[in-house]
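Computed over heavy atoms, backbone and side chain alike; hydrogens, waters and symmetry mates excluded. Chain letters run A, B, ... following the sequence lines, proteins first and then strands; every chain starts at 1.
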Number of protein chains: 2
Amino acid sequence: MWHNLDGVTSPAVVDLLGALAYGELVAFERIAADATHAPTLEDKISLGKMADAEFRHFEQISTRLTQLGVEPSVAMEPFVDALNAFHNNMEPRDWLEGLLKAYVGDGIAADFYREISIHLDPETATLVNEVLSDVGHAQFAIDHIKSAITEDPKVAGRLALWGRRLMGEMISQASVVAGTRPALQEVFLNPPDGSAPMGATELTSMVNRLTVGHARRMDVIGLAS
Amino acid sequence: MWHNLDGVTSPAVVDLLGALAYGELVAFERIAADATHAPTLEDKISLGKMADAEFRHFEQISTRLTQLGVEPSVAMEPFVDALNAFHNNMEPRDWLEGLLKAYVGDGIAADFYREISIHLDPETATLVNEVLSDVGHAQFAIDHIKSAITEDPKVAGRLALWGRRLMGEMISQASVVAGTRPALQEVFLNPPDGSAPMGATELTSMVNRLTVGHARRMDVIGLAS
């Protein structure tokens with residue numbers, strides 16, 4: 001049974017939507033910034049379309065937060081520092097690092113949110129799934145990175161290292177966030193769908209699944225994880 | 001009478017739409033970049049919405065170019081260097097310079113295109129007017145710059161200088177473009193609507209009108225032009 005059918009919005013849902021909204025807003029800005037470094041006009045247009053899709057996802061989540069009676073900027077605020085720290089620490093040095101960052105980052109975020117959203121009310125879960133749908137970025141990144149490696153196999157080593165750093169930094173910032181948001185811990189300790197609490201073992205399994213997903217995505221491009 | 005009723009698209013229309021399309025695409029990227037420096041989350045969201053509106057304008061022009069049988073990237077290509085040069089030479093050093101640049105640049109571009117579009121076929125003129133409609137940026141910039149000047153009157157001098165440099169650089173890049181695109185010169189020498197050719201006097205009047213428009217916009221914020 002759901003805890004929130006009394007009309008009180010769960011603080012965990014607000015936190016998850018707030019983090020996701022800010023993540024989409026920043027993704028929009030970062031992909032638009034990558035577009036300025038696109039090697040061709042066609043690539044610039046493709047990235048513009050993706051950035052635009054992320055912005056529309058941001059707006060969908062904002063609309064939902066407003067429906068729930070929460071000011072979107074208030075819901076996003078607690079996640080600004082951690083997400084900004086992630087992006088500032090992991091500033092891509094070139095076009096390929098930017099592509100890999102978006103591909104790897106979107107992938108891990110999508111896996112993580114899907115793990116959590118099964119414990120949320122169906123409406124939130126549907127929205128989360130919708131806004132995490134790939135906007136075409138993955139295939140675009142895969143194609144461009146693979147052809148860059150074919151042209152110059154040396155870039156593979158540098159990008160593999162970059163992929164490992166991205167995964168590490170995401171886990172590190174996620175831990176910071178988890179430690180400061182009791183409502184998010186509550187999703188694991190007392191899942192709103194009434195399922196059994198996740199203990200240390202279940203959390204470890206989840207991190208393992210995220211790591212496997214990451215390794216699979218790196219593998220698709222021929223990069224060691 | 002119109003020159004293009006035989007179904008052959010005028011090279012001038014393609015040039016104008018190409019320049020406008022690239023201008024919107026770059027405006028989108030630049031406003032999204034400004035959003036990363038927004039002082040508050042609300043400002044970040046506002047700029048995101050404006051960047052998104054510019055992207056939709058870009059898509060409208062692209063659609064029109066495609067309908068005319070022209071690949072958008074082909075139409076944009078001749079204007080990439082001049083527009084990139086403008087943006088690279090005029091990289092804002094802070095949030096306020098970014099806002100003034102967008103306000104001043106959008107204003108001059110809109111005035112210029114409206115001067116020209118009256119000589120084009122009605123369908124193109126309508127589209128040009130539509131995509132040049134202010135996306136809310138002007139009032140946003142006016143409000144933020146005015147309140148920054150109220151807080152610290154010293155910034156007015158720096159921003160006034162910045163506004164003059166922007167106008168100068170736009171005229172300089174526009175001359176480069178005009179010199180290399182005979183089709184655009186043709187709009188003035190042999191307007192497609194059959195009106196009288198614009199000679200040196202009419203061109204000087206047009207530049208004067210653009211300068212007056214610029215001065216009026218600077219005046220609205222209390223800046224000397």
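Of the atoms belonging to Ala33(A), not a single heavy atom falls under 4.5 Å from chain B. Of the two parts of Val80(A), only the side chain, counted from C-beta on, holds a non-hydrogen atom closer than 4.5 Å to a non-hydrogen atom of chain B.
Under the side-chain contact (heavy atoms from CB on, under 4.5 Å) criterion, Ala156(A) pairs with Ile149(A), Leu223(A), sequence neighbours left out.
Listed here is the closest heavy atom pair of Phe58(A) and Ile45(B): CZ-CG1, 3.7 Å. Closest approach of Phe28(A) to Gly48(B), counting heavy atoms only: CE2-CA, 3.7 Å.
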Using only distance, no hydrogens or angles, which N or O donor-acceptor pairs sit under 3.5 Å between chain B and chain A?
| unit_1 | atom_1 | unit_2 | atom_2 | d |
| --- | --- | --- | --- | --- |
| Glu29(B) | OE1 | Lys44(A) | NZ | 3.0 |
| Glu29(B) | OE2 | Lys44(A) | NZ | 3.0 |
| Glu42(B) | OE2 | Ser73(A) | OG | 2.7 |
| Lys44(B) | NZ | Glu29(A) | OE1 | 3.1 |
| Lys44(B) | NZ | Glu29(A) | OE2 | 3.0 |
| Ser73(B) | OG | Glu42(A) | OE2 | 2.7 |

